Every structure is written in C-alpha cells, then in structure tokens.
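The structure under discussion appears below in the form of structure tokens.
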Amino acid sequence: MSGHGAAQPMTSEKSGPLSGTAAVPGDKSISHRALIFGAMAVGETRITGLLEGQDVLDTAKAMQAFGAEVVQHGPGAWTVNGVGVGGFQEPADVIDCGNSGTGVRLIMGTMATTPITATFTGDASLRKRPMGRVTDPLSLFGTRAYGRKGGRLPMTVVGAESPVPVRYALPVASAQVKSAVLLAGLNAPGETVVIEREPTRDHSERMLLGFGATLNVEKTAEGHVITLQGRPELRPQTVAVPRDPSSAAFPVCAALIVEGSDILVPGVSQNLTRNGLYLTLVEMGAAIEFQNPREEGGEPVADLRVRFSDAMKGIEVPPERAPSMIDEYPILSVVAAFATGKTVMRGVRELRVKESDRIDAMARGLEACGVRIEEDEDTLIVHGMGAGGMPGGAVAKTHLDHRIAMSFLVAGMAAQKPVSVDDGSPIVTSFPIFEGLMNGLGARIRRG
Ligand code: S3P
C-alpha cells in the first residue's frame with residue numbers, strides 16, 4: 001500500500017480515570033518474522049495471535065508474491081506453507097511494503113542470496129528511509145541493489161547467483177540490519193557471522209533456533225558474536241505471537257498520567273531486548289506492578305498493574321538502553337512532560353530515521369502543546385510540567401508515523417486542553433484497535 005489515503009485528523013480530550021484491562025494485539029516484530037520464517041520452512045507453519053496491522057499484512061502479501069501460500073483462518077490465526085531456504089520464486093510485480101522498514105529490510109535480506117530479482121517500494125515515509133544500511137552488508141554476499149539517490153526506494157535487488165558467507169560487524173545498533181544479514185546467510189554456504197556491540201531485539205535469533213537452524217551466540221569483548229550455519233532445512237513451527245510491548249506502552253503511559261487511573265495490561269514482554277521503557281518508567285517513580293511472571297510464545301511476560309502516578313521525576317535515560325526502547329521514546333517524552341524536572345534522552349540519533357524524524361516530530365508537537373524542549377542531532381530533552389501541567393490545545397503533525405500519532409493522542413488525555421493530530425490514519429500499521437481499546441478504558445478520542 002504505497003498510496004496513502006486521505007489524512008484522518010483525530011482529537012483527544014481530557015479523560016476521566018482509566019480503568020479495565022488493555023489487551024493489546026500481537027507483537028509486530030515477531031509477526032513479520034513468523035510469516036517470513038514460515039515462508040522459508042518446508043511445510044505448514046501455524047501462527048496464532050498474529051498482528052493484523054497493515055505493516056504485517058503487507059509482509060504476508062509479499063511472502064505470497066515470493067511463492068509461499070499464506071492463508072488467514074480466523075482473527076490472528078494464519079498458516080504459511082513455505083517454499084524452503086533458497087526456494088523463493090521471482091515476484092511478478094513490484095513488492096510494496098507500505099510503511100514498514102522492518103518488512104522491506106527483512107524481505108530484502110531473505111531474497112538476497114537467491115538468484116532472483118525483485119523491486120521494492122513503499123509509502124512516502126518508507127521511500128525517505130535509508131536502505132544502504134541493509135544493501136551494504138548484502139553486497140558482501142554478492143547481492144546487487146539499484147535504488148534512488150542515498151539508497152532510497154524504489155529499489156531493485158538482484159540476488160546473488162553464488163553467495164558467499166559473510167562476517168559483518170554492525171555499524172549501527174539495528175535489529176533490522178542484523179536480521180537481514182542472518183536471513184541472507186541462511187542461503188549462503190558455510191558460516192555467516194554478525195557482531196553487534198549493543199544487543200538489539202533478538203526475535204530473529206530465537207525464531208531461527210525454533211525453526212531448526214544452527215545458531216550460536218557468544219558474548220565477547222567485541223559484543224555479541226552470532227554465528228549461523230548456512231543452508232539448513234527449516235522445519236515448520238507453531239508460533240504463538242505474544243502481545244506487543246511497544247503497543248502496550250500507550251495504555252501503560254496513559255494510565256500513569258491520567259488522574260485516578262488503575263488498569264491492567266496483561267502479557268507484556270519482559271524480554272531484556274524490549275523492556276527499556278518499563279525500567280525507565282519505574283526509575284521515574286511510576287506505579288507499575290509486575291504480576292504473574294511467566295512464558296508466553298517463548299517470551300518472558302508479566303501482567304502490568306498500572307496506576308496514576310502524580311510524582312514522577314525526570315531522569316537521564318542511559319544511552320546504552322536505547323536499543324531496548326527505541327520505539328518508545330515518543331511516548332516516553334509525553335510521560336516526561338507530565339513529570340517534574342527534566343528528562344534527558346541521549347544517544348537517540350536513530351530516531352531521526354524511523355517512520356519520521358521522531359526527535360523533530362516530538363519536539364515540534366510538544367512545543368506546540370506548551371512544553372519546553374531542547375534537542376540536538378543525538379539528544380532530546382523534555383522539561384516536565386508536572387501532573388496535569390501540560391497546556392495542550394494544539395494540532396501535532398504526525399508525518400505518516402503511527403507512534404507519533406498515538407503519543408499525542410495519549411498526551412491529549414491528560415493535557416488541560418484537547419490535543420489533535422493532523423493524521424491518525426497510520427495507526428493501523430501497528431495498532432489497528434488503538435482508538436476502541438483506549439476509549440474502552442475511558443479515553444475520549446474521536447475522529448476529526
Ligand atoms: C525492528 C527493529 C527496530 C525498530 C522497529 C522494529 C525489528 O528498528 O525500530 O520498529 O522488528 O527488527 P532498527 O533495526 O532500525 O533499530
């Protein structure tokens with residue numbers, strides 16, 4: 001879905017106390033990977049709890065275009081009949097990954113070591129994002145890529161005829177780049193090695209092991225050294241997708257800033273590569289209880305009881321925590337505006353190449369809501385105004401970015417005057433039930 005439909009303005013008014021249970025949908029990262037790994041296995045992979053957000057639906061369509069059979073059986077229940085490692089067929093048409101950087105980068109990796117050619121595109125946001133970070137390491141396998149200036153989509157990728165294995169140290173902390181290289185390594189003979197200095201989300205590694213690949217992760221002075229044996233036969237799996245901690249962040253943060261709230265958010269991942277926001281909130285003084293710790297879908301999870309917290313304090317977020325909360329800085333900066341003192345987020349330059357430049361989008365929107373902000377290329381600082389202190393009364397620009405849209409709608413729930421967004425339509429990419437779920441807890445979010 002590269003064409004972007006009409007903008008959908010939305011408004012969030014001050015909400016009464018939130019109560020009830022916020023059952024958020026499946027994890028986006030794991031949903032993409034379940035479809036892609038399913039397509040690389042021979043036989044039928046069964047998936048439950050799949051996120052049916054537009055990003056994931058675009059990946060499902062892409063897997064069909066490469067020859068896998070992907071069928072929906074009911075809400076969240078899907079099967080994938082895979083074609084095997086190296087079995088991708090050449091797609092008949094352009095692959096449109098919509099808004100999804102994860103989709104396009106992982107799929108490029110997956111086809112990069114099969115001798116087929118595919119052309120990729122996406123929406124106006126995705127066409128601005130850098131693909132060189134993926135095509136550079138893929139070229140080491142023998143893959144060629146031809147895109148627009150600056151390595152932008154649309155881009156044609158010519159898979160390597162005779163791929164060679166690769167040893168690659170990640171220059172940026174990126175699970176997408178790591179995963180693209182590992183996926184390409186699947187169809188290269190011998191050992192492909194990826195080295196990451198700071199650990200990023202490890203869903204690809206967990207899933208590779210689950211599907212029967214041979215993979216070893218060694219912790220060394222250089223960082224994590226991940227070694228994958230090429231050309232395995234992947235065995236189909238049953239994948240139960242756990243709930244998305246990045247989506248859970250929205251009701252959790254809303255409850256923290258809306259007076260009188262007390263909600264339960266079940267099954268939130270405690271995977272150390274994803275839980276940075278929750279550690280940060282606790283350090284700020286958030287009232288979050290982690291109840292009933294257990295495993296779900298191969299991930300450690302807990303139920304979160306979250307209560308209004310009127311005495312949160314701004315903190316310095318440790319920069320090394322960034323990879324484990326990279327998608328949560330927009331909503332953290334909203335919580336920071338309702339804390340006292342300043343919240344300093346350093347080492348966050350990656351936010352500039354997400355679905356939008358998230359430092360700029362949050363800074364401009366929060367300023368319009370009356371919040372004092374400082375920023376530089378790699379830093380965002382929010383000066384808190386205390387519980388209920390944000391004036392609001394502004395329209396934030398979302399720049400085709402779902403997390404910017406949801407963050408400002410949450411801000412409106414606790415600000416003195418309503419907060420609007422110019423376009424809430426991108427919310428369907430990751431959290432299609434956001435509006436209904438939040439209003440079910442007591443929010444007053446409406447179209448227009
Ligand atoms: C993702 C990795 C992160 C994250 C994105 C999902 C993934 O991107 O921002 O939403 O599923 O691998 P980077 O790899 O660019 O950090």
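Treat the numbers as computed from the prediction; the structure is a model and nothing was measured. Numbers here simply count residues along the sequence, with the first being 1. Counting starts at 1 for both ligands and their atoms, following the listed order.
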Here the atoms of ligand 1 under 4.0 Å from any heavy atom belonging to Gln176 are 1 (C), 2 (C), 5 (C), 6 (C), 7 (C), 8 (O), 12 (O), 13 (P), 14 (O), 15 (O)
Could you check atom 6 (C) of ligand 1 against the protein and tell me its nearest heavy-atom contact, residue, atom and distance included? Thr102 OG1, 3.3 Å
Is ligand 1 under 4.0 Å from a heavy atom in the side chain of Arg201, in the backbone, in both, or in neither? side chain
Stepwise side-chain contact (heavy atoms from CB on, under 4.5 Å) check, Ile116 with Gln89: CA-CA 7 Å; Ile116 57 174; Gln89 71 183 31; 6.0 Å; no
Please assess Thr227 against Glu218 for the test side-chain contact (heavy atoms from CB on, under 4.5 Å), listing each intermediate value before the final yes or no. CA-CA 8 Å; Thr227 305; Glu218 205 187 330; over 6 Å; no
Leu35, Leu183, Val134, Leu182 screened by side-chain contact (heavy atoms from CB on, under 4.5 Å) with Leu106, the one that passes: Leu183
Please work out, at 4.0 Å between heavy atoms, whether the side chain, the backbone, both, or neither of Lys178 comes within that distance of ligand 1. neither
Tell me which protein heavy atom sits closest to atom 12 (O) of ligand 1, plus the residue, atom name and distance to 0.1 Å. Arg33 NH2, 2.7 Å
side-chain contact (heavy atoms from CB on, under 4.5 Å) test vs Ile427 passes for just one of Met10, Arg403, Glu435, namely Met10
Minimum heavy-atom distance between Leu18 and Ala443, given as atom pair plus value: CD2-N, 3.8 Å
Tell me the nearest of Leu351, Asp55, Asp327, Thr273 to atom 4 (C) of ligand 1, using heavy-atom distances. Asp327
Against heavy atoms of Ile326, which atoms of ligand 1 measure under 4.0 Å? 9 (O)
Heavy-atom distances under 4.0 Å decide this one: backbone, side chain, both or neither, for Lys354 against ligand 1? side chain
Report the residue from Arg129, Arg352, Lys128 that forms a salt bridge (charged side-chain N to carboxylate O under 4.0 Å, His left out) with Asp357. Arg352
Closer than 4.0 Å to some heavy atom of Ser174 - which atoms of ligand 1 meet that? 13 (P), 14 (O), 15 (O), 16 (O)
Taking Asn187's backbone N and O only, do any of them form a donor-acceptor pair with Arg231's side chain (distance below 3.5 Å, no angle check)? yes
